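Some notes on the structure that comes next.
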Amino acid sequence: MRLGRLAAAALAALALAGCGRRSADPQAYAVVIGVSQANLTEPWRITMNEEIRTEAAGYPDLRVVFADAADSADRQIRDVRKLLDSGIDLLIVSPVDAVALTPVIDEAYARIPVVLLDRSVEGYGYTLYIGPDNRIVGKQAGQYIAGLLGKRGGKVLEIRGRSGSPPVIERERGFREAISHVPRITIVDTITADWLRDKAEDEVTAWFQSHQGVDVIFAQNDAMAYGAWRAAKKLGRTGIVFVGVDGLPDPRGGIEMVKRGILSATFTCPTGGREAVIYAMDILRREEGIPKKMFLRTSLVTNQTLAAGEVAPAPRDPGDASGRRIVLGFAQVGKESEWRLANTESIRTAAREAGIELVFVDGEQRQENQIRAIREFIARKVDVIAFSPNVESGWRPVLLEAKAAGIPVILTDRAVDEKDETLWVTLMGSDFVEEGRRAARWLVEHLDTTDPVNIVELQGTVGSAPAIDRKVGFEEVLAEHPNYRIIRSVSGDFFRSIGEVVMREILVDLHASGERVDVLFAHNDDMAIGAIAAMEEMGIAPGRDVVIVSVDAIRDAFKAMIDGTLNCTVECSPLLGKQLMKAVKDYMAGKDLPIRMVTAEEVFPAEVARKVLPTRKY
Ligand code: AHR
């Protein structure tokens, strides 16, 4: 670790609030982290800084320097520049505005590691993003309110934070997803109160002057929920249920408001301050297996969940694993693709390097084999179970068995379709929806046409997370371009050989019906390569007559791009081994894991293939 170079004079000039324990001389610290906070008017952000301070106190050689941008993007740009000039080793930043802050954060990332907290920037110019999954927060709130209102339904008044900010958009989206299909629930109005208690109180007071009652007020944070509650109380409006978000544990926070009956419920929204310091130190120590994005777990807080002790589980005892070899049971999907082989290799190598005993079972593409393997792991009392679910549904019974046996489960690569998120400790892997979107965005930009475009889609395994999500992402982008039409969509099960057979059948069928195919979107490279063979056999020039975009970015895809038969591949990294072993070790050491970890990925068009191929690891 290099020495922090924060000069005392620069510190004074910055007038930043430092946090250190041992010495007033910044040169005495080995590492200096700069924290650029968006504002300190929101209690949630004050807590974030407090968490950073408290966690940092555990590292004697670490000094943390804070800057408050007072909600001004211009000021935050200046703060970041000053922190950089002062010689910090790593920047933690919670941006006021994603767009305005992107250039300066890019600048910072070119010099030092950058950890983004809570709000992201445009693009991928940062080391790690940590934050809540705001869509899930909104969705859980919607599900809770739908359950509360039951069959008779009711009217909901929504109070949101600052217009256009990502958490507002995401929470709103999740909330609507959860209640849109529930009959008799209506959002009667949406008030914008900028995350502030007083503004919420004023706005809700004014709203009540001209509106009839509501059944539920859902505010996107607890401070605004409290403001709304004060307005209702002042005006003698009774019978309203208040629901907030944040669930801070301090005496004026959401948990206390639930206990006092002000809020019926809140949803914890971890600030990530603690995790930011932990991972910042891991990054500075150059630990391997750091993901690109981390989403923290959110949980429902009501008087019932508090009584059941579900909100803040007791810290785990790392005890019995220390000093002995950790045993990890891993149930793999099978051997369907180059991706999967690389994934298996990455897990085996990382386990060996980490000194973890790996009990590896190949599920041979069958869910029942994976379930049997997990049951064997439970019987064998392994320390941790990890698996990559072949399909999304049907896992609940075996996950409950693992939970009952007290064995943590880590999902790698693929998700399960199960509401109870306490059945696994984390899910690590790619964002498949985003991969689908990226494929479609590339396509639309590449073709740049308003003429009709006929697309054939080769889907992955039916019912698997990547097949479901890539389709969703791809169609989401194409919905904005009605000239693009998917004319055939068939599963090739992620196998190269099946991709070839299925494509041949489709081409024969299209020929018979006199239809034209302009584009192939294959959910993985292997199926695309199989389809390329089928096209060539039928006298079609892949890459020219038909534009082909696929997912994974395996070495063979780069070779096909160099040959001119494939046009673009969207990366989906199988190299999850190091990340998995780090998670296993962290968990066994008593650390909490984020609910979701997302890997870093890129889009590779044919133009870069020759240059990139030598760097590919799979
Ligand atoms: O789950 C990841 C997918 O599974 C890969 O994209 C595909 O090639 C693999 O078999």
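Numbering of ligands and ligand atoms starts at 1, following listing order. In this text the structure is predicted, and so the values were computed from the model without any measurement.
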TODO: Answer yes or no: is there an ion pair linking Arg340 with Asp413, defined by an N-O contact shorter than 4.0 Å?
DONE: yes

Task: Salt bridge Asp563-Lys559, side-chain N to carboxylate O under 4.0 Å - done: no

TODO: Inspect the contact between Glu434 and Arg437 and indicate whether a charged nitrogen and a carboxylate oxygen are less than 4.0 angstrom apart.
DONE: yes

Task: Pairs meeting criterion side-chain hydrogen bond (donor to acceptor under 3.5 Å, both in side chains) with involvement of residues 498-509, two or more places apart - done: Arg488-Asp509, Glu500-Arg504, Arg504-Glu537

Task: ring pair (Phe, Tyr, Trp, His ring centres under 6.0 Å) contacts in which one or both residues fall within residues 439-485, not counting sequence neighbours - done: Trp442-His446, Phe474-Phe521

TODO: Would you please name every residue forming a side-chain contact (heavy atoms from CB on, under 4.5 Å) with Lys381, sequence neighbours left out?
DONE: none

TODO: Compile the protein residues with any heavy atom at a distance under 4.0 Å from an atom of ligand 1; present them by chain, then by number.
DONE: Glu336, Ser337, Trp339, Arg340, Asp413, Arg414, Phe432, Pro466, Arg470, Phe494, Asn524, Asp552

